[in-house]
Structure formats: structure tokens, C-alpha cells
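Reading through the C-alpha cells given below for one structure.
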Amino acid sequence: MMKFKILVLLLIGVSTGLISINCSGRPSESVDCQEGINLLPMYGRVNKCKGQLDIDAEFLKESDKKEPNRAKAAIDIMDLGWYYLHQGDTDTAMKRINQAWLLDSTNIAVYASFVVILDLVNKPDEAIKMLDLTFDKLSTRINPEIPTQINPSNQMFAEFIVSNTSFTYKKVNNLTLPEYLYTKLDTLNISGVNAEVLKNDLKLNIPQIN
């Protein structure tokens, strides 16, 4: 059986790309292996083949050895994804954010990071759909009384979304996502989130918004 290095951040090293494998010749049982799903948010939400599920299990096992708290591990590997994002390597960034999602699918910042990558690779329509999903996730989240790094406030997550939109606009100079977000903030009703503050911040950073 092939050995894959599953290394998380500086604690484990540089990862090889979690699900980018060729399952040819390996038993897939009732599910065929689809290539390139680690370059899609949430692995494209497809049913994975046995080989891919085995890689997931090995990754989680190795991650748990280094950081038993999966919420913390997800934040760490998401930070690594953002490092690659700032280097312009959106493919590796997507792989790392997918790994963060695998570790903790409840982290709103993971979905917000997917929005950024989709916008940066010129998929604004998909970015908007992911933005809607991000806010849907946020709307059902309980706002913590005492925010922490692992459990931030809803306002902090919303500010992260707004700042990310300003970040991507400066990169791609496309108003599609910012204008959609600005409109969405008008109807936003999420516990612990001040939409007017967010609108003002977005307009301040992107005055071109109509």
C-alpha cells in the first residue's frame, strides 16, 4: 500500500496533497475515484472512493497525534492555506482549506476562505453561492458569550468575511462579489452581528460599490 505523508503545518511539515491520488488498480467497491476533488470546496461534496476515504482516515489519525483538538488543528492548517494564498498558490491553498474542513466543518472561517479562493480564480458566481452558504452556517451558530480564538464571536466571523471581500477585490478588481455582499448585508439578521458596521467598513474599503 502506498504511503502518503500527511503533515500538518510546521508541526508535521509540508503535506503532499490529501486526496490527489490515482485510484487506478485499487478496489473502489461501489464508488469510482474522481480525480481533482481536492481542488474543489468540500471536495466537491462527492462520494469518495475507498482509497480516498482511507487517505482521509490516515490524515485525521496523524493530525490527532500532533493536535488532539481538531478545532485547533483546523485553524492551524487553515492558516497554512492562507500562507499559500498570499503566495498566489490557490491550488495548494484549496487543498489545505479542504483539510481544515475535514477537521472541523463547523468553522465559519473555512467557508469564508473557500469564498476567497473561488473569487481569486475568477469564479464569482460560485463564490456568491459559497458566500450564501457561509452566512447560512453563521445564522445557525450560537454566539459565544466569551469569544476565544477557537470560538470567536459571530461579529468577528462577519468582519472576516467583509475584510476578505476587500482583499479579493484588490486582487481581481471585480465588483460582483462586493456588490452582492453589500446588498446581502441589508437583509442580514444574525445574532451578535452589526450589519451597519459591516456595510460601512465594506464601503470604506471599496468605495466603487454602487
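If you read the sequence from its start, that first residue is 1, and numbering goes on from there.
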query: Between Q87 and D89, is there a donor-acceptor pair closer than 3.5 Å when you use the side chain of the first and the backbone of the second?
result: no
- request: Mark yes or no for whether N98, through its side chain, and P41, through its backbone, hold a donor-acceptor pair below 3.5 Å.
  value: no
message: Taking side-chain contact (heavy atoms from CB on, under 4.5 Å) as the definition, give me every residue that meets it alongside N122, ordered by chain and number, with sequence neighbours left out.
response: V172
- request: Output every pair passing salt bridge (charged side-chain N to carboxylate O under 4.0 Å, His left out) with a member in residues 201-210, not counting sequence neighbours, ordered by first then second residue.
  value: none
statement: Residues pairing under salt bridge (charged side-chain N to carboxylate O under 4.0 Å, His left out) where one sits in residues 175-185, two or more places apart or in two chains, turn out to be D132-K184
Residue list, side-chain hydrogen bond (donor to acceptor under 3.5 Å, both in side chains) with S191, at least two apart or on another chain: none
- request: Taking the side chain as every heavy atom from C-beta outward, state whether I150 and N107 have any pair of such atoms under 4.5 Å apart.
  value: no
statement: Residues passing the salt bridge (charged side-chain N to carboxylate O under 4.0 Å, His left out) test with D125, sequence neighbours excluded, are none
message: According to side-chain contact (heavy atoms from CB on, under 4.5 Å), who are the partners of E196, at least two apart in sequence or on a separate chain?
response: N194, K199
statement: Output for pair (T165 OG1, L131 CG), nearest 0.5 Å, gives 6.5 Å
task: Search all heavy atoms of R141 against all heavy atoms of P152 and return the closest pair with its distance.
output: NH2-O, 2.6 Å
- prompt: Can you name the residues that form a side-chain contact (heavy atoms from CB on, under 4.5 Å) with N200, not counting sequence neighbours?
  reply: none
statement: Those residues at least two apart in sequence (or on a different chain) that pass side-chain contact (heavy atoms from CB on, under 4.5 Å) with S166 are L202, N205, I206
- prompt: Partners of K72 by side-chain hydrogen bond (donor to acceptor under 3.5 Å, both in side chains), sequence neighbours excluded?
  reply: D76
message: K129: which residues meet the salt bridge (charged side-chain N to carboxylate O under 4.0 Å, His left out) condition with it, sequence neighbours left out?
response: none
task: Spell out, as yes or no, whether a donor-acceptor pair under 3.5 Å connects the side chain of N143 to the backbone of N154.
output: yes
query: Going through the checks in order, is the side-chain contact (heavy atoms from CB on, under 4.5 Å) test met by I161 and V115?
result: CA-CA 9 Å; I161 294 168; V115 174; over 6 Å; no
- prompt: Under 4.5 Å between side-chain heavy atoms, hopping through other hydrophobics if needed: is there a path connecting I75 to M156?
  reply: no
- prompt: Could you give the distance from OG1 (T90) to CG (D119), rounded to the nearest 0.5 Å?
  reply: 12.0 Å
field: S139 side-chain N/O to D136 backbone N/O, donor-acceptor pair under 3.5 Å
entry: yes
message: Looking at T134 and M130, would you say the former's side chain and the latter's main chain have a donor-acceptor pair under 3.5 Å?
response: yes
query: Around Q149, counting heavy atoms of other residues, nucleotides and ligands shown, do more than 12 lie under 6.0 Å from its CD?
result: no
- request: Could you tell me whether a side-chain N or O of Q52 sits under 3.5 Å from a main-chain N or O of C49, the two making a donor and an acceptor?
  value: yes
field: CD1 on I37 to NZ on K95, rounded to 0.5 Å
entry: 12.0 Å
- request: Quick one: pull up CG in N164 and CD1 in I117 and give me the separation to the nearest 0.5 Å.
  value: 10.5 Å
All side-chain hydrogen bond (donor to acceptor under 3.5 Å, both in side chains) counterparts of T106, not counting sequence neighbours: D104
message: side-chain contact (heavy atoms from CB on, under 4.5 Å) for E159 and L198? Distances and angles first, verdict last.
response: CA-CA 7 Å; E159 290 171 355; L198 299 174; 3.7 Å; yes
message: Looking at D54 and K50, is there a salt bridge between them, counting it only when a charged N and a carboxylate O are closer than 4.0 Å?
response: yes
- request: Determine yes or no for a side-chain-to-main-chain donor-acceptor pair under 3.5 angstrom, with Y111 supplying the side chain and S105 the backbone.
  value: yes
statement: Quick note, ring pair (Phe, Tyr, Trp, His ring centres under 6.0 Å) partners involving residues 159-189, not counting sequence neighbours, are W82-F160, W82-F167, H86-F167
message: A side-chain contact here means heavy atoms from C-beta on lying under 4.5 Å apart; do V121 and M94 qualify?
response: no
